[in-house]
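Input: a single structure, listed below in C-alpha cells.
Position 1 is the first residue of the sequence; numbering continues from there. Quick caveat, the model's predicted, so the values are computed rather than measured.
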Amino acid sequence: MNPQEVVAVRALRKAAIQSFGTPWILSLFLGITALIAFVAPKALPTDSILLIWLGTGGIAVVSVVYQITTGPWFVVIFARRHYSVLFSLIINSLIDVVLLTALAMPAISPEFIAEHGFIDVAFRVYMVLFLLTWAFVHVYLTLMENIFADILAKANLPTRIFPQFRTEKTDALQKLLPINVRGPVRYIQAQDKYVQVATFNGNHLLPMPLSQAVSKIDPQSGMRVHRSLWISWEEVDRVVYENGNPRIIGKDGEVWPVSRKHVKQLKSELLDREKG
C-alpha cells in the first residue's frame with residue numbers, strides 16, 4: 001500500500017468517526033438498533049424493549065468500531081480493482097455479522113433454541129443482522145458519498161461509491177457542462193478555485209476543486225497525474241523525461257506535467273492498455 005493510500009485510509013477513518021457526531025448518522029444508528037428491539041422479544045428471555053435496545057446498542061457499537069477500524073482498508077484495497085465502496089463494505093460486513101452472531105447467540109432464550117433448533121436460530125440471527133447492516137451501510141454511504149469520493153479522488157483511486165449497472169457512460173460532470181461543450185473529456189485542469197474541463201467539443205470553467213470534478217467522471221477513462229491535472233487515456237501518447245522531469249506527450253503534441261509519485265502507476269496503466 002503506497003503512502004497516498006495510507007493517507008486515504010486515515011482520512012476515511014477520521015471522516016467515519018466524525019460522522020457519528022452528526023444528527024443524521026446518529027438517528028440512523030439508533031433507528032436500526034430500535035428495529036431489532038421490536039423484532040427480537042420472542043427470542044429473548046426478557047420482553048423489555050428498553051433492555052433489548054440497550055443490549056442491541058452494545059452489539060451495534062462493537063459493529064461500528066469494527067467497521068471503522070477495518071472498513072477503510074477494505075475500501076482502498078477493493079478500490080484498486082475498481083470495485084465500489086458499497087461492495088467492499090458489504091464484504092467486510094459479512095465478517096462483521098459472523099462475529100455479531102457469535103455475540104448475539106448466548107442471549108437467545110434456551111427454550112426458543114430448543115423449539116426451533118440451534119442452526120435455524122443462528123441462521124435467523126445472521127439474516128436479520130446482515131439485512132439491517134446492509135441497510136445501514138447503504139443509507140450511510142448515501143449521506144457520506146461526496147466526502148468519501150473526495151478522499152478517494154485525492155489518493156488517485158477510482159471513486160465509484162455504488163455499483164454501476166449500466167454500461168453506457170453517464171458522467172455526472174457532463175450534466176454541468178453547456179450542451180455544446182459536452183462530449184468525451186480530454187483533460188481537467190485546476191485553475192485557482194476553478195477547473196477547466198476540456199472536451200473534444202470545447203472548454204468550460206467550473207467552480208469546484210479538481211478532486212470534486214474527478215469524482216464526477218468515469219474512473220476508468222483517465223487518471224489524475226498531477227495535483228492540478230487529470231487526463232484521459234485517449235489524450236496520452238507517451239511519457240518522456242525533460243531534464244530529469246517526467247512529462248506526458250499528448251497525441252496532438254501537447255506536453256503535460258506528471259508528478260513523480262504518479263509516474264510508476266501511469267507507466268503501468270499505459271503498459272496494461274498496450275497489452276490489452
query: What residue pairs, at least two apart or across chains, pass side-chain hydrogen bond (donor to acceptor under 3.5 Å, both in side chains) with a residue in residues 128-148?
result: S19-Y140
message: Who clusters with I249? Use side-chain heavy atoms, under 4.5 angstrom, across I, L, V, M, F, W and Y, and order the result by chain and number.
response: V240, V255
Main-chain N/O of V97 paired with T101 side-chain donor or acceptor, under 3.5 Å: yes
- prompt: Which pairs pass ring pair (Phe, Tyr, Trp, His ring centres under 6.0 Å) with one or both residues in residues 224-243, sequence neighbours excluded?
  reply: none
Gap between atom OG1 of T199 and atom CD1 of I188 - 0.5 Å precision: 10.5 Å
- prompt: Ignoring hydrogens and geometry, is there a side-chain-to-backbone donor-acceptor pair from N201 to N180 under 3.5 Å?
  reply: no
query: Considering residues at least two apart in sequence or located in another chain, which fulfil the side-chain hydrogen bond (donor to acceptor under 3.5 Å, both in side chains) criterion with Q212?
result: none
query: Heavy-atom distance under 4.5 Å between the side chains of V185 and Q174, does that happen here?
result: yes
- prompt: Do V225 and V236 have side-chain heavy atoms sitting under 4.5 Å apart?
  reply: no
message: Looking at R247, I want to see if its CZ is surrounded by more than 12 non-hydrogen atoms of other residues, nucleotides or ligands under 6.0 Å.
response: yes
- request: Report the relative orientation of the aromatic rings in Y187 and W256; use parallel for angles under 30°, tilted for 30 to 60°, perpendicular for over 60°.
  value: tilted
- request: May I ask you to decide if L266's main-chain N or O and E269's side chain share a donor-acceptor pair within less than 3.5 Å?
  value: no
- prompt: Do V76 and V6 share a hydrophobic cluster, counting only Ile, Leu, Val, Met, Phe, Trp and Tyr and linking them when any side-chain heavy atoms are less than 4.5 Å apart?
  reply: yes
Hydrophobic cluster partners of L205 (side-chain heavy atoms under 4.5 Å): Y194
Spacing of NE2 belonging to H262 relative to CZ belonging to R227, to within rounding of 0.5 Å: 11.0 Å
message: For F118, is the CZ atom crowded, meaning more than 12 foreign heavy atoms sit under 6.0 Å from it?
response: no
query: Of all residues at least two apart in sequence or in a different chain, which pass the side-chain hydrogen bond (donor to acceptor under 3.5 Å, both in side chains) check with S211?
result: D150
- prompt: Within a reach of under 6.0 Å around NZ of K251, are more than 12 heavy atoms found that belong to other residues, nucleotides or ligands?
  reply: yes
query: Under 4.5 Å between any side-chain heavy atoms of R186 and D252, yes or no?
result: yes
